Student: 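One structure coming up, written as structure tokens, with questions to follow.
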Amino acid sequence: MLEGYLSSMKIFEALDDEEISAVAEIAHHKNIGKHTHLFHMGEEMVNFYFVIRGNVKIYRIDAEGREQIINFFGKSEMFPHHAIFRKDPYPASAVTAEDSEVVFIGKKDFEEVIRRRPGIAVKLFHYIGEVIVDLQHRLQEKILKPTDEQVLLLIRRLAYAHGLVLNDGRREITLKLTKQEMANMIGLTRETVSRNISMFRKLGILEIGSSGRMIVDLDELETYI
């Protein structure tokens, strides 16, 4: 079962069957209830995680006690990415946003596997490179894009990462986020996010479904960006 889970993860897609089996031998599976912390910011970084089912929120608390959401990770995603190669404490906290199922691997165990099979590390570099490029793009968005495009780009990321494709081709974002949570993710005010969402609804880019979740028309969204 663990081999099947791990082979479906993008970070391990280049590994052969023997390499996947070696990693599966040190992996652990766990079902976790909603609002359960996997780790807290500042704790020793001992494990990294893969989401099999559910969603995990990554967040920090700033000096004034306010929550800053870093990201949400859903099915087939890994976190924290840099845990593979660094020994820092956890840079943020992780809590389940809903009932979830995860696989986790101990850093020390993984380092021992890499010592025996150094080819695994070489294959992982390609994935880590993609992560770095994505972070660079997000930083550029924050610096260069006006606030309406920042909000729209966040909605697009959420639609692709956490979107359920509907019969008409639109995507329903399965995360039910408040406007404040969305604002925290991109460093804007709740009022700014609320104003832009109202505008996007008028433009036909998105609507709020009966469940309270956002439904996004990605074709209309792309014409606006």
Side-chain angles (χ1 to χ4, degrees), residues 1-12 23-111 113 127 131 134-135 138 154-155 157-164 172-187 190 193 209 211-214:
M1 181 178 68
L2 287 175
E3 291 181 8
Y5 285 153
L6 294 173
S7 61
S8 69
M9 301 297 167
K10 186 173 178 59
I11 188 173
F12 294 137
V23 176
E25 288 177 2
I26 60 169
H28 307 273
H29 173 268
K30 191 173 184 178
N31 289 299
I32 304 174
K34 184 179 180 180
H35 296 158
T36 301
H37 273 87
L38 301 175
F39 52 80
H40 290 87
M41 187 176 88
E43 292 179 346
E44 180 185 2
M45 188 158 49
V46 294
N47 300 315
F48 54 93
Y49 298 79
F50 303 89
V51 181
I52 307 303
R53 174 181 57 84
N55 277 289
V56 176
K57 179 174 71 174
I58 309 298
Y59 72 96
R60 298 169 61 98
I61 301 297
D62 66 19
E64 298 180 358
R66 295 173 301 193
E67 179 181 274
Q68 178 189 8
I69 298 175
I70 308 299
N71 208 345
F72 283 90
F73 290 105
K75 183 178 179 181
S76 299
E77 293 188 299
M78 170 199 169
F79 65 94
H81 295 95
H82 70 292
I84 294 178
F85 298 113
R86 296 185 61 86
K87 298 183 182 297
D88 317 57
Y90 287 114
S93 300
V95 63
T96 51
E98 57 188 83
D99 291 346
S100 300
E101 183 180 359
V102 302
V103 167
F104 64 94
I105 296 174
K107 281 174 50 61
K108 291 182 179 179
D109 292 335
F110 190 70
E111 288 169 2
V113 169
Y127 174 78
V131 172
D134 179 63
L135 291 173
R138 293 193 188 193
L154 170 62
I155 292 171
R157 285 199 301 271
L158 293 171
Y160 279 114
H162 305 280
L164 175 67
E172 181 179 33
I173 297 175
T174 56
L175 286 173
K176 191 174 180 180
L177 300 173
T178 66
K179 295 180 178 66
Q180 185 62 62
E181 287 174 325
M182 293 179 65
N184 291 346
M185 292 181 73
I186 49 179
R190 185 190 65 80
V193 171
S211 64
R213 296 171 175 172
M214 286 190 293

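Atom set for the values below is all heavy atoms of this structure, side chains included, hydrogens, waters and symmetry mates excluded. A quick note: this is a predicted structure, and the numbers were derived from the prediction, not measured.
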Student: Rounded to the nearest 0.5 Å, how far apart are CD of E67 and OG of S93?
Tutor: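 Going from the CD atom of E67 to the OG atom of S93 covers 9.0 Å.
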Student: What pairs with D88 under salt bridge (Lys or Arg N to Asp or Glu O under 4.0 Å), at least two apart in sequence or on another chain?
Tutor: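 For D88, the residues satisfying salt bridge (Lys or Arg N to Asp or Glu O under 4.0 Å) (neighbours in sequence not counted) are R86.
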Student: Determine whether V102 and H28 satisfy the following criterion, side-chain contact (heavy atoms from CB on, under 4.5 Å), listing intermediate values before the conclusion.
Tutor: CA-CA 8 Å; V102 302; H28 307 273; over 6 Å; no
Student: Can you name the residues that form a salt bridge (Lys or Arg N to Asp or Glu O under 4.0 Å) with K179, not counting sequence neighbours?
Tutor: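 Partners of K179 by the salt bridge (Lys or Arg N to Asp or Glu O under 4.0 Å) criterion come out as none, since no residue qualifies.
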Student: Any donor-acceptor pair under 3.5 Å linking the side chain of R60 with the backbone of P91?
Tutor: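 It does hold such a pair.
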Student: Kindly determine whether K176 and E98 satisfy salt bridge (Lys or Arg N to Asp or Glu O under 4.0 Å), including the steps that lead there.
Tutor: CA-CA 11 Å; K176 191 174 180 180; E98 57 188 83; over 6 Å; no
Student: Relative to each other, are the rings of F79 and F39 parallel, tilted or perpendicular (30° and 60° limits)?
Tutor: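 Rings of F79 and F39: tilted, 30 to 60°.
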Student: Supply the atom-to-atom distance K57 NZ to F73 CZ, rounded to the nearest 0.5 angstrom.
Tutor: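 Separation between the atoms: 14.0 Å.
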Student: Calculate, to the nearest 0.5 Å, the distance between atoms CD1 and CZ belonging to I173 and R213 respectively.
Tutor: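 Those atoms lie 10.5 Å apart.
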Student: At what distance, to the nearest 0.5 angstrom, does NZ of K107 lie from CD1 of I26?
Tutor: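 Going from the NZ atom of K107 to the CD1 atom of I26 covers 11.5 Å.
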Student: If you define the side chain from C-beta out and look only at heavy atoms, does anything of L175 sit under 4.5 Å from N55?
Tutor: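 Touching, per the 4.5 Å side-chain cut-off.
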Student: I want to check something: taking the side chain as every heavy atom from C-beta on, are Y90 and M41 in contact at a cut-off of under 4.5 Å?
Tutor: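 Not touching, per the 4.5 Å side-chain cut-off.
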Student: I'd like to check M185 versus F72 (side-chain heavy atoms, cut-off strictly below 4.5 Å). Are they in contact?
Tutor: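 Heavy-atom side-chain distance check passes, below 4.5 Å.
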Student: Check whether any side-chain heavy atom of R66 sits under 4.5 Å from a side-chain heavy atom of I61, and report yes or no.
Tutor: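 No, every pair of side-chain atoms sits at 4.5 Å or beyond.
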Student: Can you see which heavy atom on M9 is nearest to which on V51, and at what distance?
Tutor: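 The pair with the smallest heavy-atom distance is CE-O, 3.8 Å.
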Student: Checking R190 now: which residues fulfil salt bridge (Lys or Arg N to Asp or Glu O under 4.0 Å) with it, not counting sequence neighbours?
Tutor: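 For R190 there are no salt bridge (Lys or Arg N to Asp or Glu O under 4.0 Å) partners, ignoring immediate neighbours.
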Student: Please check if the side chain of S100 supplies one atom and the backbone of T96 the other of a donor-acceptor pair under 3.5 Å.
Tutor: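 Not confirmed, S100 side chain does not pair with T96 backbone.
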Student: For a quick test of reading the model, state the closest non-hydrogen atom pair linking I70 to A92 and the distance between them.
Tutor: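 The pair with the smallest heavy-atom distance is CG1-CB, 4.4 Å.
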Student: Return all side-chain donor-acceptor pairs below 3.5 angstrom for residues 30-37, not counting sequence neighbours, or 'none' if the list is empty.
Tutor:
| residue | atom | partner | partner atom | Å |
| --- | --- | --- | --- | --- |
| N31 | OD1 | R53 | NH2 | 3.4 |
| T36 | OG1 | G33 | O | 2.9 |
| H37 | NE2 | Y59 | OH | 2.6 |

Student: Answer whether the closest heavy-atom distance between the side chains of L177 and L158 falls below 4.5 Å.
Tutor: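 They are in contact (side-chain heavy atoms under 4.5 Å apart), so the answer is yes.
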Student: Decide yes or no for E77 and I11: does some side-chain heavy atom of the first lie under 4.5 Å from some side-chain heavy atom of the second?
Tutor: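 Contact flag for E77/I11 side chains = no.
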Student: What is the distance from atom OG1 of T174 to atom NZ of K75, rounded to the nearest 0.5 Å?
Tutor: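 Reported value, rounded in 0.5 Å steps: 11.5 Å.
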Student: Considering only distance and modelled atom types, tabulate donor-acceptor pairs under 3.5 Å from the side chains of residues 42-50, sequence neighbours left out.
Tutor:
| residue | atom | partner | partner atom | Å |
| --- | --- | --- | --- | --- |
| E43 | OE1 | H40 | N | 3.1 |
| E43 | OE2 | H40 | ND1 | 3.4 |

Student: Apply salt bridge (Lys or Arg N to Asp or Glu O under 4.0 Å) to K87 and list each qualifying residue two or more places apart in sequence or on a separate chain.
Tutor: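 Listed in chain order: E111.
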Student: Going by heavy atoms in the side chains, are V103 and L2 under 4.5 Å from each other?
Tutor: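 V103 vs L2: side chains touch.
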Student: Can you find a heavy atom in the side chain of E101 that is under 4.5 Å from one in the side chain of Y5?
Tutor: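 They are in side-chain contact.
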Student: If you look at every heavy atom in A94 and V56, which pair is closest and at what distance?
Tutor: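 Minimum heavy-atom contact is CB-CG1, 4.0 Å.
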Student: Could you state the interatomic distance from CD (E181) to CD1 (I69), rounded to the nearest 0.5 Å?
Tutor: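 Reported to 0.5 Å precision, the distance equals 4.5 Å.
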